[in-house]
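One structure below.
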Number of protein chains: 2
Amino acid sequence: MVQKNFKCDNCIENKDSVFNVLTPQEKEQLLKSHTCTFFKKGDIIFKEGDRPSGLICLSEGKVKVFKEGVGGREQIIRMAKPFGFIGYRALFAGGNYISSAVAIEDCTICVVEKDILIRLIRTNGDLSLGIIQAFASELGFSNSRTVTLTQKHIRGRLAESLIFLHDTFGYEQDDATLKVYLSREDIANLSNMTTSNAIRTLSTFASEGVISIDGRKIKVMDHYKLQRISDLG
Amino acid sequence: MVQKNFKCDNCIENKDSVFNVLTPQEKEQLLKSHTCTFFKKGDIIFKEGDRPSGLICLSEGKVKVFKEGVGGREQIIRMAKPFGFIGYRALFAGGNYISSAVAIEDCTICVVEKDILIRLIRTNGDLSLGIIQAFASELGFSNSRTVTLTQKHIRGRLAESLIFLHDTFGYEQDDATLKVYLSREDIANLSNMTTSNAIRTLSTFASEGVISIDGRKIKVMDHYKLQRISDLG
DNA sequence: TTATCTTTGTGTTATAAAACACAATTACAA
DNA sequence: TTGTAATTGTGTTTTATAACACAAAGATAA
């Protein structure tokens with residue numbers, strides 16, 4: 001974890017940012033009160049029980065957010081890419097983190113001080129509404145996941161995860177290869193299954209021509225079929 | 001669904017309300033712009049796909065909020081009692097409802113117009129923060145549920161549900177009987193299991209002296225043991 | 001370069017929980 | 001009040017998936 005003293009303006013200035021509604025002066029406050037840090041692949045950014053210090057924005061790299069369940073079994077509940085936020089739930093709920101975040105690629109994150117953020121929310125109604133809307137979407141996602149992870153069968157769960165990975169990270173230039181390279185274990189932890197079953201089911205999908213696999217590179221060959229497997233459950 | 005033209009001030013004025021931070025004038029606006037409605041036990045308050053018209057507050061009765069999953073199988077994701085809100089996620093996310101709400105007792109609900117609410121959020125920072133905090137808590141709950149419903153075994157899931165019912169609705173005067181009377185099917189749909197298994201496992205708990213059952217009346221005899229079953233998974 | 005650890009892959013066994021089938025009871029409506 | 005439907009309860013069978021065991025390939029470090 002190396003401190004860097006550059007400004008990663010993108011976290012605040014990118015076109016999809018909730019901070020777009022801020023005035024130039026307000027943005028300036030944020031830019032002044034943020035710190036940037038570098039994390040190596042595999043590093044823990046925060047873990048269950050830690051106290052949140054501020055709003056974390058991912059400037060570079062990818063992150064998995066997970067909870068540990070029965071017997072330490074890991075369930076991935078979110079994945080983040082630039083310029084998404086992580087750990088904001090605990091920040092606003094007031095307590096400590098109830099999930100952990102680990103870099104799945106080398107990452108740069110920047111942290112905005114909590115006090116500054118709260119002050120901005122209090123004074124800028126549009127920012128408030130943006131944050132409320134973000135939470136509402138995230139809650140909808142979480143509720144949907146609860147149902148599909150409990151009700152769908154292995155094939156449906158894995159298919160849904162692959163679609164989720166596409167929705168989140170998109171494809172490479174070939175318009176087919178998922179732009180994220182996860183271990184089979186991570187794919188399993190995302191899909192609520194054992195690593196063996198993730199491996200096995202990925203192989204089955206490949207033999208059915210739905211995807212093709214080359215190490216951690218997953219190519220979606222038949223998006224429609226994948227969607228159908230996901231929908232069937 | 002009978003229209004009633006009384007004012008159910010409690011939704012806005014009760015001591016735990018997020019609206020407590022409003023000025024008297026702001027409260028007056030809310031009171032003027034709300035409508036109250038009566039629902040019989042079993043009535044649908046809203047269902048998946050409906051468009052939210054305003055913020056729904058439960059003034060009397062109890063409500064289950066659920067999603068339909070694979071093959072129409074119902075998963076209860078929330079339960080509400082006075083003076084809790086329901087359906088606010090869709091309201092703020094902007095789309096239609098992705099869950100349904102059904103009265104499990106005769107209910108009175110009041111609805112605050114969306115526009116008024118948005119206007120208040122825009123101008124009152126403390127209200128914004130209160131709503132953001134409510135969302136953050138709810139999201140934490142949902143994430144935790146995802147993990148326990150997928151990872152815990154039947155006994156653990158049922159035990160957790162009973163504890164949840166206690167946390168939400170409390171005990172009767174005897175300090176042991178759950179203050180909510182659900183069908184075995186609802187208990188099953190809350191705990192992600194079949195009705196048969198809910199019935200069976202409740203019986204087992206009773207024979208172990210953890211609870212005692214009399215129809216839909218569930219008495220918690222050994223709260224510590226119940227917590228242990230839940231924790232073990 | 002070799003040794004060690006991690007990840008991937010595959011076959012087999014064990015088991016938790018669903019699915020099914022059918023009483024018995026209770027609620028409800030005609 | 002009698003018939004019908006819904007709910008509760010229990011035993012049996014089936015099945016999806018975890019658990020286990022081990023081999024092969026790759027990555028990592030000494």
Side-chain angles (χ1 to χ4, degrees), chain A residues 40-42 64 69-75 102 104-105 147-161 180-208 211-218 229 232-233, chain B residues 40-43 64 69-75 102 104-106 147-161 180-208 211-218 229 232-233:
Chain A
K40 282 238 302 278
K41 178 177 171 173
K64 65 172 173 178
V70 179
R73 196 174 135 202
E74 168 176 318
Q75 175 65 51
V102 165
I104 56 171
E105 290 177 3
V147 177
T148 57
L149 287 179
T150 53
Q151 296 193 359
K152 283 186 183 177
H153 286 177
I154 277 201
R155 285 170 60 85
R157 297 206 297 275
L158 183 62
E160 184 177 289
S161 289
V180 62
Y181 300 85
L182 297 173
S183 69
R184 301 293 194 261
E185 195 182 1
D186 279 340
I187 294 176
N189 292 340
L190 178 64
S191 315
N192 181 36
M193 63 186 64
T194 55
T195 307
S196 310
N197 276 329
I199 291 168
R200 232 186 287 267
T201 313
L202 281 171
S203 296
T204 312
F205 283 1
S207 76
E208 290 169 354
I211 61 172
S212 79
I213 328 175
D214 173 16
R216 295 192 174 185
K217 201 158 125 186
I218 297 173
I229 295 171
L232 273 171
Chain B
K40 282 240 301 281
K41 177 178 171 172
D43 281 354
K64 66 171 172 180
V70 180
R73 196 173 136 202
E74 167 176 320
Q75 176 65 51
V102 165
I104 56 170
E105 291 178 2
D106 289 356
V147 177
T148 57
L149 287 179
T150 53
Q151 296 194 357
K152 283 186 183 178
H153 286 176
I154 278 202
R155 286 169 60 85
R157 297 206 299 274
L158 182 63
E160 184 178 289
S161 288
V180 61
Y181 300 85
L182 297 174
S183 69
R184 301 293 193 261
E185 195 182 2
D186 278 340
I187 294 176
N189 291 341
L190 179 63
S191 315
N192 180 36
M193 64 185 65
T194 56
T195 308
S196 311
N197 276 328
I199 291 167
R200 232 185 287 266
T201 313
L202 281 171
S203 296
T204 313
F205 283 0
S207 75
E208 289 169 353
I211 61 172
S212 79
I213 328 176
D214 174 16
R216 295 192 174 186
K217 201 158 124 185
I218 297 173
I229 295 171
L232 272 171

Does [X] put a side-chain nitrogen or oxygen below 4.0 Å from OP1 or OP2 of [N]?
X      : N      : result
A:R216 : C:dT8  : yes
B:R200 : D:dG9  : no
B:T194 : C:dA17 : no
B:R157 : C:dA17 : yes

[X] versus [Y], closest heavy-atom pair with distance:
X      : Y      : answer
A:Q75  : A:N189 : NE2-O, 3.1 Å
A:S203 : A:I213 : N-CD1, 4.1 Å
B:L149 : B:R157 : O-CD, 3.5 Å
A:I104 : A:K41  : O-CG, 3.7 Å
A:E185 : A:T195 : CG-OG1, 3.7 Å

Check the distance between [N]'s [atom2] and [X]'s [atom1] and give it to me in whole angstrom.
X      : N      : atom1 : atom2 : answer
A:Y181 : D:dA27 : OH    : P     : 15 Å
B:N192 : C:dA16 : CG    : C1'   : 13 Å
B:L149 : C:dA18 : CG    : P     : 12 Å
A:M193 : C:dG9  : CE    : P     : 15 Å
B:I199 : C:dT26 : CD1   : C1'   : 13 Å
A:I154 : C:dA16 : CD1   : P     : 17 Å
B:N197 : C:dA16 : CG    : P     : 12 Å
B:I187 : D:dG9  : CD1   : C1'   : 14 Å

Which nucleotide sits closest to the side chain of [X]: [options]?
X      : options                : answer
B:R184 : D:dA19, C:dT8, D:dG9   : D:dG9
B:S203 : D:dT10, D:dT17, D:dC20 : D:dT10
B:H153 : C:dT7, C:dA17, D:dG9   : C:dA17

